[in-house]
Amino acid sequence: MNVRVRLDITGVVQGVGFRPAVARIAAEFALGGFVYNDAGSVHCELEGPAVAVEAAIAALRHRPPPMARIDTLRSRRLEPNGDNIFEIIASRDGDDSRTLVPPDIAVCQDCLREMRDPADRRYGHPFITCTNCGPRYTVITDLPYDRPATTMAGFPMCAACATEYHDPLDRRYHAQTIACPDCGPRLSWRPGAGPAETDDPIGAAAAALRAGLVVAVKGIGGFHLACRADDATVVAELRRRKTRPAKPFALMVADLAAAAEIVVVDSAVAAALTSPAAPIVLAPRRRGPVADEVAPGLRDLGVMLAYSPVHHQLFDRLGPLPLVLTSANQGGSPIVFRDDDLSWIDGLADAVLSHDRPIHVPCEDSVLTIDDQGDQLPLRRSRGYAPLPVTVPGPRTDAVILATGET
């Protein structure tokens, strides 16, 4: 005998491929029904044999998408109505509650393999992403989370992307940031002098960095200033331009092996560096190719791994060369994230590697350190973690807790 169950699910359940995951699980257990978003939750109804429905609910609890986090899953029995087809239906408005917006996370290994495969149609695509990785917080403009409510709204899907988007077996099923070289955002290169047009913005940026220039790079949450970290003169010049005489700069490297050349990478540091959040991690420095001017007088260096497709493409050209990567602003000012705000660039950066996907919410890189027990201690909680809430341990209390951000 068939049963029908209604599920109401809250947590990090939008922008993470949750509805496609529900659809795949429903198909796995041959169930009918539907799933949809509203502004606060994911709702679904599952119909089929009782054993299959219970197995599907257990699968949802134990096999959610990689970026998802289930806070509550409430279920109730309904009368069966004979559904034997499962559908993802349109999102609905009208719910006053708000869901948790997921953070931006590092590009996944599946996307990187495709980006570097000459036989793949997304070969070399600097905005490759799927339901398991990429920008979320910085591109979402409203909820429920659908493509029109993101900064990808201005990039209509081509036929090939639309086919993947509607295929329940595809990793990009209902991936709202889906794109390819035919329909996605594009990079641009603007040098300080000379023609702005080039067929190879990544190559131009890599050549400029190798030559000792300061390049502004538009990333996931804003612009960074980049320069080679092994040249004391270049780093000193960046300090002069940013009016930042002593505060340490963060470093970006290609991968874990490159990080191990410049800092001590134990298991705890490795786990933090390679996590989906891809934060800056403070670790003891080695006698590697990093100029002392990067972190004057300090024992530790702040290092992060390349986390966006653009970063990986740059390091594919640069190899193990470490880069200074610091927010694009004058000392004490907020990070620049709009192309229209690039009036500051003259005298600060020598060139700009940009793109035409708007950033809706600026977001700095997160910074953490590792304590003596190997636990992670956040020093700046931002990209990869924000805007998820912090759970405070202990009993519930009526006490007022004030949380403040960085000025």
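In what follows, every heavy atom counts, from backbone to side chain, and hydrogens, waters and symmetry copies are set aside.
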Q: If you apply the rule side chain to side chain contact (heavy atoms under 4.5 Å, CB included), what do you find for E47 with V53, and how did you get there?
A: CA-CA 7 Å; E47 181 167 341; V53 169; 5.9 Å; no

Q: So which heavy atom on G11 is nearest to which on D71, and how close?
A: CA-OD2, 3.5 Å

Q: Taking all heavy atoms of T138 and all of P135, pick out the closest pair and write down the distance.
A: OG1-CB, 3.9 Å

Q: Is the shortest distance from a Lys or Arg side-chain nitrogen in R19 or D146 to a carboxylate oxygen in the other one below 4.0 Å?
A: yes

Q: Do D356 side-chain atoms and P185 backbone N/O form a donor-acceptor pair below 3.5 Å?
A: no

Q: What residues, two or more places apart in sequence or in another chain, satisfy side-chain contact (heavy atoms from CB on, under 4.5 Å) together with A272?
A: V281, L368, I370, Q376

Q: Answer yes or no: is there a side-chain heavy-atom contact under 4.5 Å between F315 and L323?
A: yes

Q: Could you tell me which non-hydrogen atom of I262 sits nearest to which non-hydrogen atom of P289, and how far apart they are?
A: CG2-CD, 3.7 Å

Q: Provide the full list of ring-ring contact (aromatic ring centres under 6.0 Å, His included) pairs with a residue in residues 349-373, sequence neighbours left out, each pair given once.
A: F127-H355

Q: Which heavy atom in A205 sits nearest to a heavy atom in L353, and how many Å separate them?
A: CB-CD2, 3.9 Å

Q: Return the minimal non-hydrogen interatomic distance between F249 and R239, and the atom names on each side.
A: CE1-CG, 3.4 Å

Q: Under the salt bridge (charged side-chain N to carboxylate O under 4.0 Å, His left out) rule, what pairs show up with a residue in residues 307-330, not counting sequence neighbours?
A: R116-D316, D200-R317

Q: Evaluate the criterion side chain to side chain contact (heavy atoms under 4.5 Å, CB included) for residue pair R357 and I220; output intermediate values, then yes/no.
A: CA-CA 9 Å; R357 181 179 67 201; I220 299 296; 3.8 Å; yes

Q: Do side-chain atoms of T131 reach the backbone of R171 as a donor and acceptor pair under 3.5 angstrom?
A: yes

Q: Tell me the salt bridge (charged side-chain N to carboxylate O under 4.0 Å, His left out) pairs involving residues 48-68, sequence neighbours left out?
A: E28-R63

Q: Could you note down all residue pairs passing side-chain hydrogen bond (donor to acceptor under 3.5 Å, both in side chains) where residues 218-234 supplies at least one of them, sequence neighbours left out?
A: K218-D339, H224-D365, R228-D230

Q: Who passes side-chain contact (heavy atoms from CB on, under 4.5 Å) against D340, sequence neighbours left out?
A: none

Q: Side-chain donor-acceptor pairs under 3.5 Å in residues 148-161, sequence neighbours left out?
A:
residue: T150; atom: OG1; partner: R147; partner atom: O; Å: 2.9
residue: T150; atom: OG1; partner: M152; partner atom: N; Å: 3.0
residue: T151; atom: OG1; partner: P358; partner atom: O; Å: 2.9

Q: Which residues pass the side-chain contact (heavy atoms from CB on, under 4.5 Å) test with E45, sequence neighbours left out?
A: R4, R6, F34, L78

Q: Evaluate the criterion side chain to side chain contact (heavy atoms under 4.5 Å, CB included) for residue pair E364 and S327; output intermediate values, then yes/no.
A: CA-CA 7 Å; E364 294 267 20; S327 56; 3.5 Å; yes

Q: Verify, without hydrogens or angle tests, whether R172 (side chain) and T163 (backbone) share a donor-acceptor contact under 3.5 angstrom.
A: no

Q: Are T326 and R244 close enough that a side-chain donor and a side-chain acceptor fall under 3.5 Å?
A: yes

Q: Taking only residues at least two apart or on different chains, which pairs with a member in residues 121-132 satisfy salt bridge (charged side-chain N to carboxylate O under 4.0 Å, His left out)?
A: R121-E164, R122-E164

Q: According to the ring-ring contact (aromatic ring centres under 6.0 Å, His included) rule, which pairs have a member within residues 270-294, sequence neighbours left out?
A: none

Q: Would you mind listing every salt bridge (charged side-chain N to carboxylate O under 4.0 Å, His left out) that reaches into residues 273-285, with sequence neighbours excluded?
A: R285-D292

Q: Would you call Y123 and P181 a side-chain contact if the rule is heavy atoms closer than 4.5 Å?
A: no

Q: Which heavy atom in P389 sits nearest to a heavy atom in R69, and how many Å separate them?
A: CG-NH2, 4.0 Å

Q: Between Y173 and H166, is the gap from one ring center to the other below 6.0 Å?
A: no

Q: Taking the side chain from R286 and the backbone from V263, do they hold a donor-acceptor pair closer than 3.5 Å?
A: yes

Q: Given 3.5 Å as the limit, does a donor-acceptor pair link the side chain of S366 with the main chain of S382, or not?
A: yes

Q: Holding to side-chain contact (heavy atoms from CB on, under 4.5 Å), I want the full list of residues that pass it with D371, two or more places apart in sequence or in another chain.
A: Q373, D375, L377

Q: Evaluate the side chain to side chain contact (heavy atoms under 4.5 Å, CB included) criterion for residues V35 and F86: first the C-alpha distance (whole Å), next the side-chain angles of each, then the deciding distance (0.1 Å), finally the verdict.
A: CA-CA 8 Å; V35 63; F86 194 89; 3.7 Å; yes

